[in-house]
Amino acid sequence: QVQLVESGGGLVQAGGSLRLSCAASGLTRGNFVMGWFRQAPGKDREFVAGISWSGGSTRYADSVKGRFTISRDKAKNTVYLQMATLKPEDTAVYYCAANSRGLLVVAGTAYDYWGQGTQVTVSS
């Protein structure tokens with residue numbers, strides 16, 4: 001049984017930083033691509049960042065390039081999203097997701113497993 005548990009969200013002032021963590025269990029087979037998505041109130045869910053199984057490939061939404069960094073620790077089965085220079089428009093619930101097909105894609109429909117989400121609020 002696959003389980004993804006996010007942590008690290010909170011309230012931060014604009015310009016500040018946060019690091020989100022996603023602890024994964026049950027990903028025992030396949031080359032899982034891990035992704036971070038977010039959903040703000042009244043808006044559609046959007047792709048934020050993704051990372052390949054090896055960690056050698058990453059992909060970012062244009063809105064976070066240069067500010068967010070995704071990484072993974074395979075030994076700990078944990079994926080991180082380091083967020084810097086946060087803006088009020090980054091406020092959203094952030095979700096961790098796993099893609100069992102090994103596709104580093106932005107479409108949420110390609111991801112099989114999802115965490116429960118963690119709230120990030122950036123005040124101006």
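- Follow the hydrophobic side-chain contacts under 4.5 Å out from Ile51 and you reach Trp53 in the same cluster.
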Problem - side chain to side chain contact (heavy atoms under 4.5 Å, CB included) between Val105 and Phe47, intermediate numbers included - result: CA-CA 9 Å; Val105 296; Phe47 173 83; over 6 Å; no
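- Side-chain atoms of Arg72 do not come within 3.5 Å of backbone N or O of Gly55 as any donor-acceptor pair.
- For the atom pair CG of Leu20 and OH of Tyr94, the computed distance is 7.5 Å after rounding to the nearest 0.5 Å.
- Sorted by first and then second residue, the salt bridge (Lys or Arg N to Asp or Glu O under 4.0 Å) pairs involving residues 105-124 (not counting sequence neighbours) are Arg101-Asp112.
- Between Phe68 and Leu86, the closest side-chain pair of non-hydrogen atoms falls below 4.5 Å.
- A continuous path of Ile, Leu, Val, Met, Phe, Trp and Tyr side chains, each step under 4.5 Å between heavy atoms, connects Val122 with Leu81, placing both in one hydrophobic cluster.
- Under a cut-off of 6.0 angstrom, the local environment of NZ in Lys76 is sparse, with at most 12 non-hydrogen atoms contributed by other residues, nucleotides or ligands.
- For the atom pair CZ (Arg38) and CD (Gln119), the distance works out to 12.0 Å, reported to the nearest 0.5 Å.
- The two residues Phe32 and Ser100 make their nearest non-hydrogen contact at CE2-CB, 3.4 Å.
- Hydrophobic cluster membership is shared by Val93 and Trp114, with clusters built from Ile, Leu, Val, Met, Phe, Trp and Tyr side chains linked at under 4.5 angstrom.
- A distance-only check finds no donor-acceptor pair linking the side chain of Tyr95 to the backbone of Gly35 [under 3.5 Å].
- In this structure, the separation between OG1 on Thr58 and NZ on Lys65 is 9.5 Å, given to the nearest 0.5 Å.
- Smallest separation of non-hydrogen atoms from Ser21 and Trp36: O-CH2, 3.7 Å.
- Using a cut-off of 4.0 Å between Lys/Arg side-chain N and Asp/Glu carboxylate O, Asp90 and Lys87 are scored as not salt-bridged.
- Across Tyr111 and Leu103, no two heavy atoms sit closer than the pair OH-O, 4.2 Å.
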What donor-acceptor contacts under 3.5 angstrom involve side-chain atoms of residues 4-19, with partners at least two apart or in another chain?
from	atom 1	to	atom 2	distance (Å)
Glu6	OE1	Gln116	N	3.0
Glu6	OE1	Gln116	NE2	3.4
Glu6	OE1	Gly117	N	2.9
Glu6	OE2	Cys96	N	2.8
Glu6	OE2	Gly117	N	3.2

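- Without hydrogens or angle criteria, Tyr60 side chain to Ile70 main chain gives a donor-acceptor distance under 3.5 Å.
- Expressed to the nearest 0.5 Å, how far CE of Met34 lies from OG1 of Thr78 amounts to 9.0 Å.
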